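The model shown is predicted, which means the values in this text are computed figures rather than measured ones.
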Amino acid sequence: MAVPLEERFPRPSVVGIVNVTPDSFSDGGVHLGAADAIAAARRMVVDGAALVDVGGESTRPGSAAVPLDEELRRVVPVLGEVAGDLAVSIDTSKAEVARRALALGAVMVNDVTALRADPDLAGIVADGGAYLCLMHMLGEPRTMQDDPRYDDVVAEVARFLEERLAFAVAQGIPEERICLDPGIGFGKTVEHNLELLARLDELTALGRPVLVGLSRKRFLGRVLGDPEATVGPVTAGVAAAVLAYERGASLFRVHDVREHVEALGAAVAA
Ligand code: HH2
């Protein structure tokens, strides 16, 4: 019997971001080559990350899709080194990338399309006995920030996640292996992101652990008064993570692992 996600990754669990991409928005413009990515992943686990999320395709607003062979070229050398001994999640929407990652020892698939992009991905997750993160996104990364509109963003995100959870379960992925993510910044204005944080309880009410990705996101810079911000301050992300924890979030996808582990540790104790 598989261990439920909430037992394997109890609240709060910090997920370290390892972007093996030339264009990730928040890593200071530094392209993490394989050796740097491997070192970063190991350091994150030493710093207290429960999981490291390795990705070879940027999903920043405006970014284009990456061909399969390029995505594999980026992530396979990193996974080959760390997926055997660290808890690793693969950030991909492609079944073939997920298949290779799980074969190399990854334990989770983080799909920002929530199983909508590749019809073969659900079967790979089910057969591989992997954990799965289902994220909400309105539109696609290339165009998602072009005037996103909702009648009620929280109700619509909740309805979407409920539907994708039912779809995943129908595809043979046990519910207890799945977590849900509102997709902060994915087809959302600053106000939409803040509304989702304010009413996070409506997402935890779906009955599955909620993962949030707030770390360094541009809306954090914009709420602090810079309308052109493309990244948010680390401190603002840590504060938002602690609030999200108070409001029921379980997993925190972050660049700055030590800062979040310390802040969330204090939040747990307080
Ligand atoms: N955010 C990003 C990428 N993947 N996955 C989940 N589940 N939730 C998120 O909020 C999320 C995600 C974007 O952030 P980052 O990885 O820093 O940038 P990039 O997409 O450029 O790699």
Side-chain angles (χ1 to χ4, degrees), residues 1-9 13 15 17-18 20 50-59 63 65-72 74-76 79 83 87-142 144 156-184 186-187 203-213 250-251 253:
M1 183 55 189
V3 180
L5 188 143
E6 47 270 58
E7 281 177 30
R8 176 80 192 266
F9 303 108
S13 281
V15 181
I17 301 170
V18 179
V20 201
L51 187 66
V52 289
D53 189 34
V54 176
E57 176 175 39
S58 175
T59 46
S63 62
V66 173
L68 172 64
D69 55 350
E70 173 63 15
E71 196 175 329
L72 287 170
R74 292 178 185 179
V75 299
V76 165
L79 296 167
V88 168
S89 150
I90 178 71
D91 187 352
T92 191
S93 301
K94 296 186 180 74
E96 180 58 16
V97 176
R99 190 186 67 74
R100 294 281 294 273
L102 297 179
L104 289 166
V107 297
M108 188 188 297
V109 175
N110 172 26
D111 178 14
V112 297
T113 76
L115 303 180
R116 293 177 297 161
D118 188 330
D120 296 329
L121 183 53
I124 298 289
V125 175
D127 294 347
Y131 295 106
L132 174 66
C133 181
L134 294 170
M135 194 196 81
H136 175 271
M137 167 165 50
L138 184 68
E140 48 157 345
R142 208 168 43 79
M144 65 190 178
E156 286 169 49
V157 167
R159 203 174 318 128
F160 172 90
L161 292 175
E162 200 170 20
E163 185 271 321
R164 297 320 291 165
L165 177 62
F167 173 83
V169 171
Q171 299 292 307
I173 304 165
E175 181 164 343
E176 61 268 22
R177 302 189 73 91
I178 300 172
C179 65
L180 305 175
D181 180 345
I184 297 295
F186 284 84
L203 303 182
T204 57
L206 297 173
R208 298 303 308 143
V210 168
L211 181 150
V212 286
S250 294
L251 298 112
R253 184 181 180 275

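A salt bridge is absent between R99 and D120; no separation between the charged side-chain nitrogens and carboxylate oxygens falls under 4.0 Å. Taking the charged nitrogens against the carboxylate oxygens, E96 and K94 have no contact shorter than 4.0 Å, which rules out a salt bridge.
Side chains of L180 and L203 form no contact here, defined as non-hydrogen atoms less than 4.5 Å apart. Contact of the V97 side chain with the E57 side chain is not registered, since no non-hydrogen atoms from C-beta on lie closer than 4.5 Å.
Taking CZ of R142 as the reference point, atom OG1 of T59 lies at 14.5 Å (rounded to 0.5 Å). Rounding to the nearest 0.5 Å gives a distance of 5.5 Å between OG of S13 and CG of L251. The OG atom of S89 lies 10.5 Å from the CG atom of D111; values are rounded to the nearest 0.5 Å.
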| Going through the checks in order, is the side-chain contact (heavy atoms from CB on, under 4.5 Å) test met by R253 and D181? | CA-CA 10 Å; R253 184 181 180 275; D181 180 345; 5.7 Å; no
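Minimum interatomic distance between V54 and V20 (heavy atoms only, all atoms of both residues): CG1-CG2, 4.0 Å. Pairing each heavy atom of V75 with each of G56, the nearest pair is CG1-N, 3.4 Å. When all heavy atoms of S93 and D118 are compared, the pair lying nearest together is O-CB, 3.3 Å. Scanning all heavy atoms of the two residues, the minimum distance from A83 to A106 falls at CB-N, 3.8 Å. Listed here is the closest heavy atom pair of G213 and I184: O-CB, 3.4 Å. Residues P182 and V210 share a closest heavy-atom pair of CD-CG1, 4.1 Å.
Within the 3.5 Å criterion, the main-chain N or O of T113 finds a donor-acceptor partner in the side chain of R116. Checked by atom type and distance alone, the side chain of R208 pairs as donor or acceptor with a backbone atom of E176 at under 3.5 Å.
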Side-chain donor-acceptor pairs under 3.5 Å in residues 157-172, sequence neighbours left out?
residue: R164; atom: NE; partner: A114; partner atom: O; Å: 2.9
residue: R164; atom: NH2; partner: A114; partner atom: O; Å: 3.3
residue: R164; atom: NH2; partner: L115; partner atom: O; Å: 3.2

What donor-acceptor contacts under 3.5 angstrom involve side-chain atoms of residues 127-138, with partners at least two apart or in another chain?
residue: Y131; atom: OH; partner: V3; partner atom: O; Å: 2.6
residue: H136; atom: ND1; partner: K188; partner atom: NZ; Å: 2.7

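Put simply, the residue from D53, L5, V88 that forms a side chain to side chain contact (heavy atoms under 4.5 Å, CB included) with M108 is L5. D91 pairs with exactly one of V18, I17, N110 by the side chain to side chain contact (heavy atoms under 4.5 Å, CB included) rule, that one being N110.
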